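All figures in this text were calculated on a predicted structure; none of them were measured in a lab.
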Amino acid sequence: MTPEKVAIVTGGGTGIGRAVALALAAEGYAVVIAGRRQQLLEATAREASASGHLMLATVTDVGDPASVRGLFDGAKQRFGRLDLLFNNAGQLAPSIPLEELTYEQWKAVVDTNLTGTFLCTQQAMRMMKAQQPRGGRIINNGSISAHTPRPLSAPYTATKHAITGLTKSTALDGRAYDIACGQIDAGNASTNLTTEMATGILQASGEMAAEPTIDVDHVVRAVLYMASLPLDANVLFMTVMATKMPFVGRG
């Protein structure tokens with residue numbers, strides 16, 4: 001039996017991706033989660049299945065075109081269509097001065113954060129244009145770094161600024177085919193990536209300071225709202241952040 005709604009979530013084994021995938025499954029989506037670490041993907045899928053929800057785990061390197069094609073071909077064969085893509089997979093580089101970064105460190109971040117989002121978007125657009133009924137929604141996980149960098153974060157910040165341009169281009173190119181594209185920019189959502197914020201993180205002033213975080217559920221609910229809209233309505237950009245984090249102003 002084909003489910004009413006089908007979603008693909010990249011980076012679905014941990015953090016925001018995992019939380020969003022479980023929430024989409026609870027909302028009635030058949031969810032395909034993608035990522036590099038099979039154990040984490042399978043643990044997430046088991047949690048969904050234990051609650052009676054449909055979730056499939058597919059080991060995928062989003063920076064590899066053949067791997068991405070396999071992900072989308074598998075979803076099409078299993079479910080026949082795609083209603084939502086959440087481009088969430090992301091990677092950080094070491095927090096070191098820009099001139100000390102290696103080419104390999106730069107390329108690893110670009111391959112995952114930017115090229116991976118492009119490759120998944122490309123496959124989703126092809127599916128969404130061809131299916132009946134036509135169309136679907138793509139949501140990109142940007143970041144506060146899509147607006148303002150942290151110190152020592154050139155690769156991550158560059159890719160997240162680029163995601164903003166990709167979001168706009170996808171929204172423009174997709175609108176003739178009933179494909180909506182939006183971006184969520186999260187600030188200090190509490191995940192495994194933000195644990196150091198409680199003890200102290202480097203500020204633009206050069207000082208170390210603790211920063212407030214928010215429950216990841218606030219980001220999840222924002223993504224669910226974006227996903228719930230009919231295709232003639234779109235949240236192009238949304239920022240969800242800890243109110244007192246040093247972002248607005250000079251920090």
Side-chain angles (χ1 to χ4, degrees), residues 7-24 31-37 40-41 44 57-65 67-68 71 84-96 101 104-124 138-167 170 181-197 201 213-214 216 218-220 222-223 226 237-241 245 247:
I8 291 177
V9 176
T10 66
T14 60
I16 290 173
R18 180 181 186 278
V20 167
L22 290 169
L24 288 170
V31 182
V32 181
I33 53 172
R36 296 183 188 179
R37 292 174 285 184
L40 294 172
L41 293 173
T44 303
T58 303
V59 176
T60 307
D61 176 358
V62 296
D64 178 71
S67 187
V68 171
L71 168 66
L84 175 67
L85 166 64
F86 183 39
N87 277 314
N88 169 74
Q91 183 170 330
L92 296 167
S95 296
I96 58 177
L101 285 161
E104 290 75 19
Q105 289 168 330
W106 167 269
K107 187 174 185 297
V109 176
V110 173
D111 284 353
T112 299
N113 298 6
L114 181 56
T115 302
T117 299
F118 163 73
L119 290 173
C120 290
T121 296
Q122 185 178 58
Q123 292 296 324
I138 298 168
I139 300 175
N140 294 328
N141 189 346
S143 169
I144 292 293
S145 292
H147 305 271
T148 301
R150 288 189 177 278
L152 308 180
S153 68
Y156 187 79
T157 297
T159 57
K160 292 303 184 177
H161 274 63
I163 290 298
T164 297
L166 183 58
T167 296
T170 304
C181 181
Q183 178 171 318
I184 184 152
D185 297 323
N188 289 14
S190 184
T191 69
N192 56 306
L193 294 178
T194 59
T195 51
E196 64 181 351
M197 290 180 180
I201 191 167
T213 59
I214 55 172
V216 72
H218 299 306
V219 180
V220 171
V223 173
M226 295 169 76
F237 294 100
M238 181 188 292
T239 301
V240 181
M241 57 180 275
M245 68 178 290
F247 168 60

Which heavy atom in [X] sits nearest to a heavy atom in [Y], and how many Å separate them?
| X | Y | result |
| --- | --- | --- |
| Gly187 | Ile144 | CA-CG1, 3.2 Å |
| Ala189 | Val219 | CB-CG2, 3.8 Å |
| Leu41 | Gly13 | CD2-N, 3.7 Å |
| Thr157 | Ser145 | CG2-O, 3.6 Å |

Self-check item: Residues His147, Phe247; criterion side chain to side chain contact (heavy atoms under 4.5 Å, CB included); working and verdict
Solution: CA-CA 9 Å; His147 305 271; Phe247 168 60; 3.9 Å; yes
Could you grab the distance from atom [atom1] of [X] to atom [atom2] of [Y], nearest 0.5 Å is fine?
| X | Y | atom1 | atom2 | result |
| --- | --- | --- | --- | --- |
| Asn88 | Arg18 | CG | CZ | 13.0 Å |
| Asn188 | Met241 | CG | CE | 8.0 Å |
| Leu92 | Gln105 | CG | CD | 12.0 Å |
| Leu119 | Leu71 | CG | CG | 11.0 Å |
| Met245 | Met197 | CE | CE | 6.5 Å |
| Ile184 | Ile16 | CD1 | CD1 | 7.5 Å |

Exercise. Let me know which of Asn87, Thr167, Thr170 forms a side chain to side chain contact (heavy atoms under 4.5 Å, CB included) with Gln183.
Key: Thr167
Self-check item: side chain to side chain contact (heavy atoms under 4.5 Å, CB included) partner of Leu166, chosen from Thr117, Thr159, Ile138
Solution: Thr117
Practice problem: Report the C-alpha distance between Leu84 and Leu24 in whole Å, list the side-chain angles of each, state the deciding distance to 0.1 Å, and finish with yes or no for side chain to side chain contact (heavy atoms under 4.5 Å, CB included). | Solution: CA-CA 10 Å; Leu84 175 67; Leu24 288 170; 3.8 Å; yes
Is [Y] close to [X] at the side-chain level, that is, under 4.5 Å between some pair of heavy atoms?
| X | Y | result |
| --- | --- | --- |
| Phe86 | Thr10 | no |
| Thr191 | Thr14 | no |
| Cys120 | Val62 | yes |
| Gln123 | Ile8 | no |
| Met238 | Asp185 | no |
| Thr112 | Arg36 | yes |
| Val110 | Pro155 | no |
| Thr44 | Leu22 | yes |

Look at the side chain of [X] and the backbone N and O of [Y], then say whether any donor-acceptor pair between them is shorter than 3.5 Å.
| X | Y | answer |
| --- | --- | --- |
| Thr213 | Ser190 | no |
| Lys160 | Asn141 | yes |
| Asn140 | Gly142 | no |
| His218 | Val240 | no |
| Asn113 | Gln91 | yes |

Quiz item: Looking only at side chains, do Arg150 and Ser143 share a donor and an acceptor under 3.5 Å apart?
Solution: no
